[in-house]
Amino acid sequence: MRVEINKSIEKDSIKICLINNIPDDIKDMASLLEFKIEDENILFLPEQNKIFVAFEQITQQNIKVGLAISTRKILATNYTKAHISIDSNHSEVVLGAMLGFYKFDRYKSKKTQKSLTLNIISNTIKEQEIIDNQNIAKSINMVRDIVNTTPEDFYPKIMATKAQQIAKENNILCDVKGEDFFISHGMGAIGAVGRASRHESKLIHLTYKPQNAKKKIVLVGKGLTYDSGGLSLKPSDYMVNMKSDKSGGGVVMGLMNVCAKLKLPYEIHGIIGAVENMIGGDAYKPDDVLKAKNGKTIEVKNTDAEGRLVLADCLCYAQDSINDIDYMVDFATLTGACVVGVGSYTTGIMGHNDKLMHRMVKSALICGEYATSLPFNRYLKKQLKSEIADISNTASSRYGGALTAGLFLSEFIEEKYKRKWLHCDIAGPSFVQEIWGVNPHGASGVGVNMCLEFIKSLDS
Ligand code: BES
Ligand code: ZN
Ligand code: ZN
């Protein structure tokens with residue numbers, strides 16, 4: 001998609017209008033077509049070259065959604081030009097438009113390859129803000145591509161190659177560790193999960209280090225390029241779409257890309273555990289006892305609770321190899337329980353620092369994502385007790401699975417970092433069954449925008 005500012009309006013350009021009142025000149029048409037002012041209602045009038053999207057309130061978030069809805073509609077027509085007038089500095093129109101215009105057609109034999117030029121009519125918009133929003137949109141769409149790609153085409157080594165490509169493009173560092181490293185460094189948890197796969201597991205470490213960085217932030221992502229469940233095999237219905245179990249890793253890659261592009265004044269580390277959870281003679285088993293990098297032993301009760309095992313070693317690796325961390329945030333499609341608890345639109349935020357959790361929730365709402373904090377309590381932890389090891393990888397209770405998974409991770413956070421750490425369970429919103437907001441079917445890229453807001457807010 002191309003974005004232009006204040007170019008003259010050509011006659012075959014469609015005008016995008018976001019409205020919270022029906023304009024007089026379309027009142028008759030609107031009533032004929034029963035078009036009302038209700039959130040996200042859409043009225044397409046090709047004879048007038050106009051598209052209307054209704055909202056009860058025109059907020060920053062709704063502007064984004066409105067642009068996504070209208071460009072998605074335009075994608076299904078032959079229009080190649082669109083324009084919109086905005087009176088104040090609403091550069092998020094670019095973000096909404098680019099997110100709405102996204103299409104994943106890698107596996108279609110007929111590619112549609114549509115293009116759209118969006119002309120923004122505004123006296124106040126700043127060019128740099130347009131460029132920034134383009135970079136945010138491109139990063140989110142990159143995450144969508146990563147997550148939508150099939151496990152046959154996207155396995156741990158490809159994830160590492162992709163990270164190296166991001167590093168090269170942005171002139172940042174990328175270090176990749178393989179299974180030998182896990183063995184020599186006592187990382188028995190991540191090592192076990194990927195053992196039955198024909199693809200070697202990788203730990204990817206991206207580093208963006210600008211001069212005079214204000215703070216040090218570590219982002220950790222669950223990059224399960226496929227989660228079959230392992231020997232605790234998932235039922236068929238639950239296995240479908242488990243290519244999306246690499247979403248957390250995708251978010252971290254997207255964030256590294258966008259933070260470098262926006263030249264944010266923070267040192268940011270991105271650590272991704274890229275692993276495939278499979279079955280086979282060499283698979284790890286329920287009953288195994290694993291030893292993580294921090295020396296803790298873990299009784300495996302269910303091989304489908306693999307994400308927490310991968311993250312445990314990644315979190316330990318982060319704390320051992322980076323010193324004086326100011327903030328540590330992990331992203332993972334960790335539990336079905338989180339989806340049951342808060343639904344498929346909302347990210348569950350966990351941690352030991354209410355203020356920090358609240359900051360992340362607020363960051364989500366500002367950018368049009370949904371997130372809520374899920375509070376730990378002192379009673380939950382005993383549900384992770386093991387008779388034979390230090391901890392069990394699943395809880396004894398069927399309830400509260402998002403929280404017990406979060407508490408499992410907490411066991412791998414050093415005391416001094418407990419209040420600097422947040423865990424984001426994105427199992428619900430990371431993969432979309434039915435289009436909503438700025439999100440198409442399939443991968444959404446949620447988490448990128450939320451965490452970017454969070455990082456930007458650290459100054460204040
Ligand atoms: N990747 C899944 C969680 C998941 C479920 C993500 C649905 C996206 C949509 C995770 O590895 C898993 O299987 N978790 C188990 C944990 C259980 C065995 C304690 C779950 O949620 O059922
Ligand atoms: Zn699993
Ligand atoms: Zn998983």
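Position 1 is the first residue of the sequence; numbering continues from there. As the structure lists them, so they are numbered: ligands from 1, and atoms in each ligand from 1.
Aromatic ring centres of H185 and Y317: separated by at least 6.0 Å.
There is a protein heavy atom closer than 4.0 angstrom to atom 14 (N) of ligand 1.
Smallest separation of non-hydrogen atoms from S139 and G254: CB-O, 3.7 Å. Shown here for C174 and L206, the closest heavy-atom pair between the two residues is CB-CD2, 3.7 Å.
Distances from the Zn ion (ligand 3) to the N/O/S atoms of D245 are shortest for OD2. Looking only at its N/O/S atoms, D227 has OD2 as the one nearest to the Zn ion (ligand 2).
Annotation for ligand 1: atoms under 4.0 Å from non-hydrogen atoms of T333 are 1 (N), 2 (C), 3 (C), 6 (C). Under a 4.0 Å criterion applied to the non-hydrogen atoms of T394, ligand 1 contributes the atoms 19 (C). The contact set between ligand 1 and K222, taken as ligand atoms under 4.0 Å from a residue heavy atom, comprises 1 (N), 10 (C), 11 (O). Each of the atoms 1 (N), 4 (C), 5 (C), 6 (C), 7 (C), 8 (C), 9 (C) of ligand 1 lies under 4.0 Å from some heavy atom of M242. Heavy-atom proximity to R308, at under 4.0 Å, picks out these atoms of ligand 1: 16 (C), 19 (C).
Expressed to the nearest 0.5 Å, how far CD1 of I366 lies from CD of E453 amounts to 5.5 Å.
Rounded to 10°, the angle formed at the Zn ion (ligand 3) by OE2 of E306 and NZ of K222 is 90°.
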Going through the checks in order, is the side chain to side chain donor-acceptor pair (under 3.5 Å) test met by D390 and T297?
CA-CA 5 Å; D390 298 337; T297 57; 3.1 Å; yes

What's the verdict on salt bridge (charged side-chain N to carboxylate O under 4.0 Å, His left out) for E276 and K246, showing C-alpha distance, side-chain angles and the deciding distance?
CA-CA 9 Å; E276 190 184 52; K246 56 181 162 341; over 6 Å; no

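Nearest to atom 18 (C) of ligand 1 by heavy atom, out of L224, D245, N302, V339, is N302.
Heavy-atom distances between N393 and ligand 1 stay at or above 4.0 Å for every pair.
Taking the six-membered ring where tryptophan is involved, the planes of F376 and H352 are tilted, since the angle between them lies from 30° to 60°.
Not a single N, O or S atom of D304, from either the backbone or the side chain, sits less than 2.8 Å from the Zn ion (ligand 3).
Summarising the local packing, NZ of K285 is surrounded by more than 12 heavy atoms from other residues, nucleotides or ligands at distances under 6.0 Å.
Here's the thing with E306: one of its N/O atoms is less than 3.5 angstrom from an N/O atom of ligand 1. Ligand 1 has a nitrogen or oxygen under 3.5 angstrom from a nitrogen or oxygen of D227. Residue G336 places at least one N or O, backbone or side chain, under 3.5 Å from an N or O of ligand 1.
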